[in-house]
Amino acid sequence: MDIDKIIDENKGLKIPLIPVLLKIQEIEGFLSESTIRHVSRRLSIPLSQVFGVATFYSAFNLKPSGVNKICLCEGTACHVKGSTRIREKLERILGVKPGETTKDGIFTFTTINCMGACAMGPIMKIGTEYFGKMTPGKVDSIIKEYISP
Amino acid sequence: MVKIKSPEDLASLTAKLQKEKNTEEICITVCMGPGCLTCGSQKVLESLKEEIKKRDLQEKVQIKETGCHGFCQKGPILLIKPAGIFYQQVIKRDIPEIITETIINNRIVERLLYVDPILNSKIIKEKDVPFYKSQYRLVFGDNSLIDPHKIDDYISLGGYSALAKALFEMTPVQVMEEIKNSGLRGRGGGGFHTGRKWESCRNAPSPDGVRYVICNADEGDPGAFMDRGLLEGNPHRVIEGMIIGAYAISSNEGYAYVRNEYPLAVANLNIALELAREYGLLGKDIMGSGFDFDILVVQGGGAFVCGESTALMASIEGKRGEPRPKHIHTSERGLWNKPTALNNVETWANVPIIIKKGAEWFSQIGTERSKGTKIFSLVGKINNTGLVEVPMGISLRDIVYKIGGGIPDGKKFKAIQTGGPSGGCLPEELLDLPVDFDELTKVGSMMGSGGMIVMDENTCMVDIAKYFLKFLRDESCGKCVPCREGLKRMVQIIEDITEGKGEPGHLELLEELTQTVKEASLCGLGKTAPNPVLSTIRYFRDEYEAHIMDKKCPALVCKNLIEYSIDELLCTGCGSCKRACPVMAISGEKLYPHTLDMEKCIKCGICLEKCPFDAIKIS
Amino acid sequence: MPFKSTDENITGGKDFPDLYYEEDNLVSLTIDRQKVRVEKGMTILEAARWMGIKIPTLCYHEGLTPWGGCRLCVVEVIKRGRSKLEASCTYPVAEGIQVKTNSEKVQKTRRMIVELLISSCPNSRTLQDLASGMGITEIRFKMEDNDCILCGLCVRMCKEQMMSGGIGFINRGAKREVSTPFHKSSEICRGCGACMYICPVVTLQCRGRREPGDLCNACINVCPTDFGF
């Protein structure tokens, strides 16, 4: 099992919990209940602590995510340049709020506090592709490309 | 790779690398910084490689992938050496022309040059661009010369020589004294004296002699990306600084806590660490000096509060990133209760420079109490966005107008926000203020990690305050009551104000609440959280009053207080808005002025964006 | 104001006797204008309580590690001429500091904290009593109907005294709550009930006659000393 391998690789660290959870999530896409229980057992860390850590940091998803991850930057620079309108537009056409996945499972919509590419704001990211200097008008055509392959 | 076992080994390697460096050879530098990546520098690089291969120029032309050059607004950026030609906004299609014209025929592609907006003249060389001219790129300048994946690039520029000097010519105490004398202050926000921090860490008792060094790269401030630029572009400078720091406080174990959102920084840093280990510049017996030190990269989990030192340490320890009371400083009792020297990326990057050039030289730069340079991320409503490095003491006006090139579209400057969510918004009257830790604090803002967000007349200050409060409410760890409950209530009040439900007593209640949050919160996040509200109330009180009393948003931002309408005289009836409107609130026949149904309008603003004739008005 | 600040009540003041006589182990400080020598490593709260000064707390318990979360125990600490509000339950006594446990600033802050807490958890008798004791008669925030004040006593009790760890904090910021993992009954919980025993909200519900989600104030005219001030 992959999870066991990751745990064994990181067991030597002084601080295995967060790196292990991050790596598992990288492979599985999210942290399921059974994964968290398994990690707690293998690392002998109380389940309440593992669950507390997993819910504290925004990097961890406890729910499976869609095929495409849409990530909108809501940093100050992007906000000043109008990211709120883009968020509203995305909420409208996807029919979900940030942090949720569309019913068909094609998109997961998340927002991020700052992507660190503030100069090109507002920024949207789908998968690994960046879209700089976004406007609400550009959203439709970009999303369409991902719906029909 | 041969291990470097003495300072002489390093010196001869540096000399060898410098000699090998063919100054005649053409080198095309492609910026792969975050800004350029978002506008497609990856594609430019790929097609450049392809083109060079196709024309069989591999022998003649070298391609270098570097970190951020700073001028993100004009990305992707290409720099052709040795001529020093600066091409901006290059796209994939331009590559064949660049190769034919510039590389083979030695001619310049005029349309890719930077045009001076005032003089309207074309500028060929990078150093003549006004954006770069007024900067002092002490820490950041090497970014365009270095491929972060190649340690030799850094060594050929004299890298790691400061480490050799510290290890072999100075005692740890001397190193510490040097940093103390330089007047270097923490670049992460607080502005604490780095040397003094090291001193108290060094002198703090540790029964087993264990001390830690931490590099804080949890750049959480939205609108700031200097640390990312440094860590991705020049990781060895940060590593060198950390080793020197570890030597000064006699630590053998270091951690670099990097933000989860910066995977490239983690990757580059890990590569850099591996290369440094191979050369014997990190690990056991560094450069044959007998000093051991190693660094482990820890990836954060995505929590703003982890930029706070005690929360960061809790996070490294694998716990929830909750701050703890700091009555005893982390330099005395930090990570695993051991003395810990925690500094920001930029602070560490300054250390090798100080050791190399001396405290005296360094302390000549800047103002009396703020020494050296500071990197800012200049973003928002400004012409030249990007990373800029300026000497301390430069006025905000110079940054905004000389380097930043002023406000786009002829709009009026309104405010500049410094210091991230813990800082404040400063109005035009304060533009002549020098950039200095103490001066900025005096007027209710702070240096912070270096985000500088420019706002124009179309930015609503109440909305900005709401933005920061919401940000902090969501990012607060929730441990202490003033921060958790206080911020929640502040957001509620300010939401009421922006929705037109503001009442006369609201401002006073907000001010009373800010006092409690500021004074009674447990950690720095809470203690500084009211700053955006306080500074906007202080300098833009009339805007708050307009929202509360007149139920108007002067900047036309707050949705509940504005209305869209169509100017019949300007509308040509083209139908663009009608097609774009998601709720079909616009009606009208083709070629006749359209009308907007206020009942249906959801104020999304798409019609405004789509109208080619500026006929959509907000009031 | 139903009670006076101790600051004004004490004029002159006699020095307090030392707690221990091992000279090396003592720190002298001033609490409410009274000079006192106490053992190193004590917190201001412990020192003040030993002197008989009452400081209200919510998240503090003698048997558990100090947490510093509720901030109700804030006091003014004057160190090198600079005054700051600090949580007395975590602040260790230090040589030469001056402490004011009930200054105007302290009172104002405590009142705001109680107002903040009661507006989100109005059912707690502890909070209603505190509000009455402090003379809070009006809540200026939108009333909510939560029960938990997130003082963390139960979490620490479970972990430190019961050596368990069935419950813990989850989420962060305004969404923070105390819960078992996955909101399911915990496998390691022995059902000892220590968490309920120590909870300042569960066992003591406000029984005053009031509308749900309202400030009670039924006890406002009771002598302030009854509230422990």
Side-chain angles (χ1 to χ4, degrees), chain A residues 3 7 15-18 20-22 24-25 28-65 72-76 79 87 91 96-101 108-114, chain C residues 59 61 63-71 90 120 146-202:
Chain A
I3 299 175
I7 293 172
I15 34 160
L17 181 56
I18 296 174
V20 163
L21 290 179
L22 280 172
I24 292 173
Q25 184 171 276
E28 306 214 320
F30 75 109
L31 300 172
S32 66
E33 186 177 330
S34 60
T35 312
I36 291 178
R37 284 182 192 274
H38 190 75
V39 169
S40 151
R41 259 196 308 275
R42 287 291 315 272
L43 292 175
S44 341
I45 298 171
L47 185 61
S48 57
Q49 194 187 331
V50 182
F51 187 66
V53 166
T55 52
F56 184 88
Y57 296 102
S58 56
F60 299 120
N61 306 321
L62 299 186
K63 279 184 231 147
S65 52
L72 179 73
C73 179
E74 292 214 297
T76 323
H79 177 82
R87 193 193 67 219
E91 281 174 1
V96 290
K97 295 256 172 245
E100 295 173 357
T101 305
T108 294
F109 176 35
T110 50
T111 56
I112 190 170
N113 286 330
C114 185
Chain C
C59 73
H61 192 277
L64 304 171
T65 20
W67 163 255
C70 74
R71 316 304 281 178
T90 51
S120 74
N146 307 323
D147 279 327
C148 179
I149 57 167
L150 299 167
C151 64
L153 281 174
C154 52
V155 175
R156 276 173 286 154
M157 185 71 171
C158 184
K159 192 175 159 201
E160 293 169 14
Q161 292 291 337
M162 299 300 140
M163 307 301 165
S164 180
I167 48 173
F169 282 114
I170 62 166
N171 298 331
R172 69 165 184 237
K175 293 192 187 111
R176 187 190 185 97
E177 53 183 305
V178 173
S179 171
T180 52
F182 305 100
H183 300 283
K184 292 176 181 169
S185 61
S186 167
E187 289 148 24
I188 51 173
C189 173
R190 302 186 297 266
C192 68
C195 48
M196 278 196 276
Y197 162 77
I198 204 164
C199 178
V201 182
V202 169

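Per chain, numbering begins at 1; letters A, B, ... match sequence-line order. Computed over heavy atoms, backbone and side chain alike; hydrogens, waters and symmetry mates excluded. As the structure is a prediction and not an experimental result, all values here were calculated from the model.
Minimum interatomic distance between C:Asn171 and A:Thr55 (heavy atoms only, all atoms of both residues): N-OG1, 3.0 Å. The shortest non-hydrogen separation linking C:Ile170 to A:Gly52 is CG2-CA, 4.4 Å. C:Gly166 and A:Ser48 get closest at one heavy-atom pair: O-CB, 4.2 Å.
Looking at A:Ser58, the atoms closer than 4.5 Å to chain C (heavy atoms on both sides) sit in the backbone and in the side chain alike. The contact between C:Phe182 and chain A is made by backbone and side chain atoms together, counting heavy-atom distances below 4.5 Å.
Between chain A and the options C:Lys184, C:Arg172, C:Glu187, C:Lys175, the largest number of non-hydrogen pairs under 4.5 Å is found for C:Arg172.
A perpendicular orientation is assigned to the rings of C:His183 and A:Phe51, their planes being inclined by more than 60° (bins at 30° and 60°).
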